[in-house]
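To start, the structure itself, in structure tokens.
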Amino acid sequence: MIDPQSAKADAVIGAGPRGFDGGKLVNGRKRHVLVDTLSLLLGVMVTAADMGDRAAAPILLEQVAAAHHRLALVWADGGYTGSLIEHCPAAFALVLAIVKRSDSMKGFVVLPKRWIVERLFAHLMRSAAWPATSSVVSPVPRR
């Protein structure tokens, strides 16, 4: 499963790439991750938040396909449609399957396969392994 997560980047965070994600209304960075069915991280790429999902996906998929030769199927959300679906089998020998939301669904609905990557994001945000890019550790107050 491939999915991005936008995160705010404060001025105190390093001078890495930043941008504005118009869909999420976030000024900062975007983490593009690819996980397996157990939510284990196979690949990650950090870009400016204004980089689109379709633009970042070929770079990440190329790196992951080179490292994980047995990978054959990648699930993605509707943000990865278009020419990328035809590009994946030809360039990486991967099938990109889009998990779509039904037009009849109203409000929040858990989509099939989407929980796999969301579980990784939740786990990483709860742990100290991957702090939010906007967080700054404040010093311990002196007595």
Side-chain angles (χ1 to χ4, degrees), residues 1-68 71-142:
M1 179 81 197
I2 186 171
D3 195 43
Q5 180 187 44
S6 296
K8 293 180 183 177
D10 290 335
V12 294
I13 302 300
R18 289 191 198 139
F20 184 74
D21 182 355
K24 302 269 172 85
L25 302 177
V26 171
N27 187 15
R29 299 186 179 119
K30 194 179 279 190
R31 301 170 244 209
H32 304 270
V33 300
L34 196 126
V35 299
D36 67 3
T37 55
L38 297 175
S39 294
L40 299 175
L41 192 61
L42 297 178
V44 63
M45 184 173 75
V46 178
T47 65
D50 58 357
M51 185 171 202
D53 300 348
R54 291 180 211 149
I59 301 165
L60 180 59
L61 288 170
E62 180 180 16
Q63 294 171 356
V64 171
H68 302 280
L71 186 65
L73 172 67
V74 176
W75 289 304
D77 64 11
Y80 295 93
T81 58
S83 62
L84 185 61
I85 296 173
E86 291 83 27
H87 179 71
C88 283
F92 316 121
L94 294 174
V95 174
L96 187 66
I98 304 298
V99 178
K100 293 187 178 182
R101 179 186 167 107
S102 172
D103 292 335
S104 63
M105 293 181 188
K106 302 275 188 213
F108 176 77
V109 178
V110 177
L111 297 176
K113 309 298 181 205
R114 290 274 310 155
W115 61 270
I116 296 170
V117 72
E118 296 302 331
R119 179 173 60 183
L120 172 78
F121 287 141
H123 173 72
L124 293 175
M125 295 308 290
R126 277 195 322 264
S127 69
W130 188 338
T133 57
S134 63
S135 66
V136 178
V137 178
S138 58
V140 176
R142 295 183 184 175

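Worth saying up front: this structure is predicted, and the values here are computed from it rather than measured.
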**Item:** Heavy-atom closest pair, residues Pro4 and Tyr80
**Value:** CD-OH, 3.2 Å

**Prompt:** Roughly how far, to the nearest 0.5 Å, is the NE2 atom of His68 from the CG atom of Leu94?
**Reply:** 11.5 Å

**Fill in**
Tightest non-hydrogen contact, residues Leu96 and Ala76, listed as CD1-CB, 3.9 Å

**Asked** Nearest heavy-atom pair of Met1 and Asp77: which atoms, and what distance?
**Response** CE-N, 4.3 Å

**Request:** Among Thr37, Ile2, Val95, Val35, find the one that has a side-chain contact (heavy atoms from CB on, under 4.5 Å) with Trp75.
**Result:** Thr37

Under 3.5 Å donor-acceptor pairs involving side-chain atoms of residues 50-67, not counting sequence neighbours:
residue: Asp53; atom: OD1; partner: Lys30; partner atom: NZ; Å: 3.3
residue: Arg54; atom: NE; partner: Gly79; partner atom: O; Å: 3.2
residue: Arg54; atom: NE; partner: Thr81; partner atom: O; Å: 3.0

**Request:** Check whether any side-chain heavy atom of Glu118 sits under 4.5 Å from a side-chain heavy atom of Asp3, and report yes or no.
**Result:** yes

**Message:** I need the Leu25 CG to Lys8 NZ distance, nearest 0.5 Å.
**Reply:** 10.0 Å

**Closest heavy-atom pair and its distance - Ala49, Gly19** = CB-O, 3.4 Å

**By ring pair (Phe, Tyr, Trp, His ring centres under 6.0 Å) - contacts of His123 (at least two apart)** = none

**Minimal non-hydrogen separation, Gly82 against Glu86, with atom names** = O-OE1, 3.2 Å

**Message:** If the test is side-chain contact (heavy atoms from CB on, under 4.5 Å), which one of Val33, Val117, Asp36 qualifies with Leu41?
**Reply:** Val33

